[in-house]
There are 2 protein chains.
Amino acid sequence: MNVHLCISLWGNSITMAKLQKSIDKRNALLKATINLVNNDGFHAAPMSKIAKMAGVSPATIYLYFENKQDLVNKAYLEVKSAFTDYAFATYSDEMSVNEGFEVIWRRIADFKLNQCEEALFLAQCDNTPMVDEPSRKEGIKHLQPLLALWERGKKEGVIKPISDYLLYAYAINPLSFLMIMQQRGACAINRSHLDEAYKAAWDSIKM
Amino acid sequence: MNVHLCISLWGNSITMAKLQKSIDKRNALLKATINLVNNDGFHAAPMSKIAKMAGVSPATIYLYFENKQDLVNKAYLEVKSAFTDYAFATYSDEMSVNEGFEVIWRRIADFKLNQCEEALFLAQCDNTPMVDEPSRKEGIKHLQPLLALWERGKKEGVIKPISDYLLYAYAINPLSFLMIMQQRGACAINRSHLDEAYKAAWDSIKM
DNA sequence: TATACATAAATGAACGTTCATTCTTTTTTT
DNA sequence: AAAAAAAGAATGAACGTTCATTTATGTATA
């Protein structure tokens, strides 16, 4: 339970510095979790190690999170949210479907290939029972703008009338695979690769 | 160390039944590992639970595998091998690139969508630090026939001259995503979906 | 302003539990 | 009877979590 934090801090008039310190600590914990889970896996990322990496005592974690599962769930949701915020930042409803898709696709590629840590963590969460089902469902909601764009595309006859899962599998998800390969040093994605990849993505979903 | 098993069993002339029993036990352990890791994740799949599910004592695991890491590595390699054996079973070098790709693709789809347990386990292994790097590298080798087919396709000008990673990302890997979604009950892949998916796969790699 | 009081944040040590692994004994096989 | 395989109980280490205490911060009183 860390509700008391917010309430008391805002209820009374308190210095900004103090609030910042709490946020910093919370962020340090989330960052450490992501880092350790990425390198060692959930099973080899003990609370003691997370605490040490974040520069706090193990006990302090429980001031910010209920337990380890909650810590991982929250890390997942925050990163997922940051990811989609980034993905849709330059998109607007008024764009054509074609243009909108390219804008979103390139932002996603940008995120996956540059913010490796966060993207890798998401890939792990999406492919294992690491985060619980409610959190996973919550995370999916953030993709709404993309689904809406596809809906529009289908109505306009620009995008194949196939299931959203197929569209995602062929147009977006491949980026996850490329990111993982790049992260492992198996391949390096450059500008022209990306253009090829975008063409393949669009080819596979356009009418 | 489980070398003694093989040596003594073949050195002396021993009943087939006995050998079979050992193999059965080993397989039961691998199966249990896959099942538990799929449902609970590596971190919640203790040796005691694996032993119980396989119907043996915890100590017996160590007659067949060095330790937990070895058990998981071996499970990964056996499943990966079964997967690729299945994938390439009906393929022959004499087929055209076009035909060969469809044959392989459909076998992979078949495996991923029907042998869910095994496929899901592979997806977890491929996306987490669950198996060690040597085993992962070993596992990749099994994909050789597919890479050779692509090489041929590029030479003949039938397949886009882009990196193998891009080809895999767009033509094969999407099936993993669909499998996971189907497994989670998010969507059901039917025959016509599959045909769409194949078309998208081929569209994205063909010249 | 100085002092005492109150509250919240943070800690290191300790808890009970569970884990992977080993040891000793029993069972099975030859 | 000897040897191998399997079992169950035991073990130390490591885990997530909690506890008792200290430190830092804010408030009220004089």
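Just so we're on the same page: letters track the sequence lines, and every chain starts at 1. None of the values given here were measured: they were computed from a predicted structure.
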Does OP1 or OP2 of [N] have a side-chain N or O of [X] closer than 4.0 Å?
| X | N | result |
| --- | --- | --- |
| B:Y62 | D:dA5 | no |
| A:K68 | D:dT17 | no |
| A:T60 | C:dT11 | yes |

Regarding the side chain of B:K25, the nearest nucleotide among D:dG8, D:dC15, D:dA6 is D:dA6
Among the nucleotides D:dG16, D:dG8, C:dG12, whichever has the atom closest to the side chain of B:S57 is D:dG8
Nucleotide [N], atom [atom2] - distance to [atom1] of [X] in whole Å:
| X | N | atom1 | atom2 | result |
| --- | --- | --- | --- | --- |
| B:L63 | D:dG8 | CG | P | 13 Å |
| B:M47 | D:dT11 | CE | C1' | 16 Å |
| A:Y64 | D:dT17 | OH | P | 18 Å |
| A:D70 | D:dT17 | CG | P | 10 Å |
| A:I61 | D:dT18 | CD1 | C1' | 13 Å |
| A:I50 | D:dC15 | CD1 | P | 11 Å |
| A:K52 | C:dA10 | NZ | C1' | 17 Å |
| B:N67 | C:dC19 | CG | P | 17 Å |

Salt-bridged, A:E78 to A:K74, with N to O below 4.0 Å? no
- Item | Pair A:K31 + A:E118, salt bridge at N-O below 4.0 Å | yes
Open item on the list: For B:Y76, does the six-membered ring have the charged nitrogen or CZ of B:R136 within the cation-pi criterion, i.e. under 6.0 angstrom from the centroid and within 45° of the normal?
Closed with: no
Given the options B:R184, B:K112, B:Q115, B:M179 meets side chain to side chain contact (heavy atoms under 4.5 Å, CB included) only with B:K112
Heavy-atom nearest nucleotide on DNA chain D taken for B:A59 and for A:A59; more 5' hit belongs to B:A59
Next item on the list: Over 60° means perpendicular and under 30° means parallel, so classify the ring planes of B:F42 and A:H43, tilted if in between.
Entry: parallel
